[in-house]
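Input: a single structure, listed below in structure tokens.
Just so it is clear, the values below take in all heavy atoms, side chains as well, and ignore hydrogens, waters and symmetry mates.
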Amino acid sequence: MLQVHYELTGAIHSCSRETANETFKFDKAVDSFYCKKCVSIMEQFEYFDSKHIDTCIGTVQKNKRSEIYQCVFCRTEYKNYTGSIWEDD
């Protein structure tokens with residue numbers, strides 16, 4: 001899963017803002033955060049090292065049409081999001 005996050009990061013960073021928005025529903029101009037669900041799954045792998053998480057992109061962004069935050073990777077929705085992956089909801 002971490003490898004797929006790296007690939008998503010590469011794809012989003014290599015395309016224009018418009019293409020990232022159209023293809024991934026990811027706005028490069030908006031703040032993004034790490035997904036708690038994705039990180040909790042990645043932590044279960046024995047090769048996971050949290051020091052490399054900074055090289056992954058934050059995949060949670062606020063939906064422009066609602067007050068919901070959503071992960072562009074796993075599509076998990078958060079009503080209230082602090083932006084911290086290490087805190088409980």
Side-chain angles (χ1 to χ4, degrees):
M1 185 170 178
L2 186 59
Q3 181 62 36
V4 178
H5 262 264
Y6 286 138
E7 292 173 11
L8 179 66
T9 301
I12 289 173
H13 281 297
S14 65
C15 60
S16 68
R17 180 180 174 196
E18 293 79 22
T19 303
N21 203 358
E22 290 172 12
T23 307
F24 302 106
K25 305 293 185 252
F26 186 89
D27 189 345
K28 293 167 90 172
V30 175
D31 288 337
S32 58
F33 310 98
Y34 297 115
C35 177
K36 294 176 185 183
K37 180 179 179 182
C38 288
V39 172
S40 69
I41 292 169
M42 287 187 280
E43 284 179 319
Q44 296 174 14
F45 295 105
E46 63 183 58
Y47 57 83
F48 177 76
D49 188 347
S50 63
K51 71 179 179 180
H52 298 295
I53 196 73
D54 290 337
T55 59
C56 282
I57 195 166
T59 54
V60 174
Q61 290 188 325
K62 188 174 183 179
N63 186 313
K64 295 176 185 173
R65 297 183 193 109
S66 69
E67 294 298 313
I68 302 291
Y69 289 81
Q70 186 174 34
C71 177
V72 297
F73 184 75
C74 71
R75 310 309 288 173
T76 299
E77 293 183 347
Y78 300 93
K79 291 183 181 176
N80 298 313
Y81 196 79
T82 64
S84 174
I85 57 175
W86 312 117
E87 296 176 4
D88 292 331
D89 289 331

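- Remark: the backbone N or O of Ile12 is paired with a side-chain donor or acceptor of Lys28 at under 3.5 angstrom.
- The pair Glu67-Lys62 meets the salt-bridge criterion, since a charged nitrogen lies less than 4.0 angstrom from a carboxylate oxygen.
- A donor-acceptor pair is defined here as one N or O able to donate and one able to accept, closer than 3.5 Å; such a pair exists between the side chain of Ser14 and the backbone of Ala11.
- Looking only at distances, no side-chain donor or acceptor of Glu77 sits under 3.5 Å from a matching main-chain atom of Gln70.
- Minimum heavy-atom separation, Phe26 to Gly58: CE1-O, 3.4 Å.
- Rounded to the nearest 0.5 Å, atoms CZ (Phe73) and CD (Glu7) are 9.5 Å apart.
- Under the rule for a side chain to side chain contact (heavy atoms under 4.5 Å, CB included), the partners of Asp27 that lie at least two apart in sequence or sit in another chain are Arg17, Ala29, Val30, Gln61, Lys64.
- Considering every non-hydrogen atom in both Cys74 and Cys35, the closest pair reads SG-SG, 3.7 Å.
- With sequence neighbours excluded, the residues that form a side chain to side chain contact (heavy atoms under 4.5 Å, CB included) with Ser66 are Asn63, Ile68.
- Between the SG atom in Cys71 and the OH atom in Tyr78 there is a gap of 6.5 Å [rounded to 0.5 Å].
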